[in-house]
Amino acid sequence: MNILILGSGGREHALAWAIKQNPKTDRLIVAPGNAGIAQLCETADIDILDGGTVVTFCEENAIDFVIIGPEAPLAAGIADATRAAGLLTFGPSAAAARLESSKAFTKEICDACGAPTSAYARFTEKVSARAYVTEKGAPIVIKADGLAAGKGVVVAMTLPDALAALDNMFSGEFGAAGAEVVIEEFMAGEEASFFVLTDGVNALPIGTAQDHKRVGDGDTGPNTGGMGAYSPAPVLTDAIAERAMREIVMPTIAEMARRGTPYQGVLYAGLMIAEGQGRLVEYNARFGDPETQVLMMRLGAQVLDLLLATAEGRLGLARVNWADDHALTIVMATNGYPGPYQIGSAIQGLKALHEDSFHMAFHAGTGMADGQIIANGGRVLNLTARGDTLAQARSRAYSMVQTIDWPGGFCRSDIGWRALSES
Ligand code: GLY
């Protein structure tokens with residue numbers, strides 16, 4: 001089977017690594033990919049936001065299965081274009097991906113199906129939004145309705161911060177994505193990620209994870225796309241997962257089907273957990289990054305069979321084979337991230353890393369210059385390890401960090417702290 005994965009980050013490197021191990025895989029191409037992915041399989045520098053380009057590429061390369069990684073091509077309707085061309089595709093239509101591309105839409109769906117989430121109000125102009133926030137007070141959550149590269153959510157702990165967030169969004173900080181703003185009740189608790197495959201009717205949970213959104217140790221400093229993750233997330237117990245399936249995920253899937261926009265792909269539910277229950281924080285229409293890196297370390301080659309069962313509507317018969325293991329990934333980022341940073345710094349030590357089914361260095365934002373791996377983005381490497389315990393996985397992952405010689409980069413030193421302190 002010839003497989004095309006769209007995307008260029010650590011998530012796509014991890015997907016490609018797992019899928020390549022499956023004997024069904026003949027040819028594997030990642031577009032556009034990155035320097036690490038290029039060491040594993042073919043890459044192709046095409047415009048993955050253009051449906052015509054992707055379909056033509058698939059036809060020219062006899063692609064049998066397309067897997068869409070990031071949210072931008074999903075929101076741009078690439079799954080619609082490939083399905084219309086008769087290509088087997090993993091990932092929701094643009095209409096179904098609105099569960100990620102519109103925060104207000106997700107709230108509408110929760111209202112319609114009774115899924116537990118925070119109270120909210122939506123606004124398209126600043127004066128009434130400011131009045132609402134002033135009446136409700138802080139803490140309060142301000143969200144740009146549309147896709148904002150993970151930066152469109154402000155958890156404001158004070159009223160001035162909340163009003164400043166509103167001013168920024170309505171001044172065009174996120175362009176059209178901030179034309180509508182959703183204001184939500186602050187939910188206390190511990191946040192965790194729940195990943196469920198669905199073919200539009202059937203659903204199969206495939207794991208839990210927790211990431212570290214703040215840049216600094218002790219969960220301090222500005223928000224990032226994620227500085228590390230581990231799986232499983234102990235706070236998301238089997239009982240809470242079972243209840244989230246019953247109260248949130250299955251009703252959402254049924255409501256999307258009822259509206260004529262069935263959701264097919266991975267539904268990533270961010271849950272706020274308190275008092276034995278998860279409430280929905282947000283949906284993403286894709287795998288998490290860096291959560292995928294730990295999920296793939298644990299799932300391995302079987303993930304291809306699961307994604308195929310999803311795309312072919314056969315999930316009712318699919319099962320996950322779990323090992324009783326743990327995985328942890330540490331993100332190394334370019335100095336300055338998530339603020340301004342310079343790309344191009346040289347990364348040494350990667351060749352000395354021993355990679356096997358317990359240790360993998362996934363590349364998130366790397367390039368090649370003069371035969372040398374260089375940093376080509378904010379989040380650059382995901383040093384990922386598996387172990388019998390979370391402590392063992394963490395110790396292995398930090399040993400990998402020691403091998404990397406990259407003065408231009410940094411990482412947090414406390415990934416996994418919450419789960420380890422609770423165990
Ligand atoms: N790690 C958060 C996300 O993928 O959205």
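Every number for a ligand or one of its atoms is a count from 1 in the order of the listing. Only heavy atoms go into these numbers, but all of them, side chains included; no hydrogens, no water, no symmetry mates.
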**Q** Between Phe362 and His13, how do the two ring planes meet: parallel, tilted or perpendicular, split at 30° and 60°?
**A**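 Plane angle over 60°, so perpendicular.
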
**Q** Tell me whether Phe287 reaches ligand 1 (any heavy atom closer than 4.0 angstrom to a ligand atom).
**A** no

**Q** Pairs in or reaching into residues 233-263: which pass ring-ring contact (aromatic ring centres under 6.0 Å, His included), with residues at least two apart or in two chains?
**A** none

**Q** Measure the distance from atom 1 (N) of ligand 1 to every protein heavy atom, then report the residue, atom name and distance (to 0.1 Å) of the closest one.
**A**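 Checking every protein heavy atom, the shortest distance to atom 1 (N) of ligand 1 gives Asp211 OD2, 2.7 Å.
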
**Q** Tell me whether Arg27 is salt-bridged to Asp64, with the criterion being a basic N under 4.0 Å from an acidic carboxylate O.
**A** no

**Q** Please could you name the atoms of ligand 1 that Glu291 approaches to less than 4.0 Å, counting only its heavy atoms?
**A** 1 (N), 2 (C), 4 (O)

**Q** Within less than 4.0 angstrom of ligand 1, does Gly288 place any heavy atom?
**A** yes

**Q** Considering non-hydrogen atoms of the protein only, which is the closest contact for atom 3 (C) of ligand 1, and what is the distance?
**A**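 Nearest neighbour among protein heavy atoms for atom 3 (C) of ligand 1, to 0.1 Å: Tyr268 OH, 3.5 Å.
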
**Q** Around atom 5 (O) of ligand 1, find the nearest protein heavy atom and jot down its residue, atom name and distance.
**A** Arg286 NH2, 2.8 Å

**Q** Less than 4.0 Å is my threshold; does some heavy atom of Lys213 fall inside it relative to ligand 1?
**A**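 Per 4.0 Å heavy-atom rule, Lys213 does not contact ligand 1.
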
**Q** Please could you name the atoms of ligand 1 that Gly225 approaches to less than 4.0 Å, counting only its heavy atoms?
**A**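 The list of qualifying atoms is 1 (N), 2 (C).
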
**Q** Under the side-chain hydrogen bond (donor to acceptor under 3.5 Å, both in side chains) definition, can you give me all pairs with a residue in residues 359-368, not counting sequence neighbours?
**A** Asp356-His359, His363-Thr366

**Q** Do any N or O atoms from the side chain of Thr53 and from the backbone of Leu49 form a donor-acceptor pair under 3.5 angstrom?
**A** no

**Q** Has Arg379 got a side-chain atom pairing as donor or acceptor with Asp289's backbone, closer than 3.5 angstrom?
**A** yes

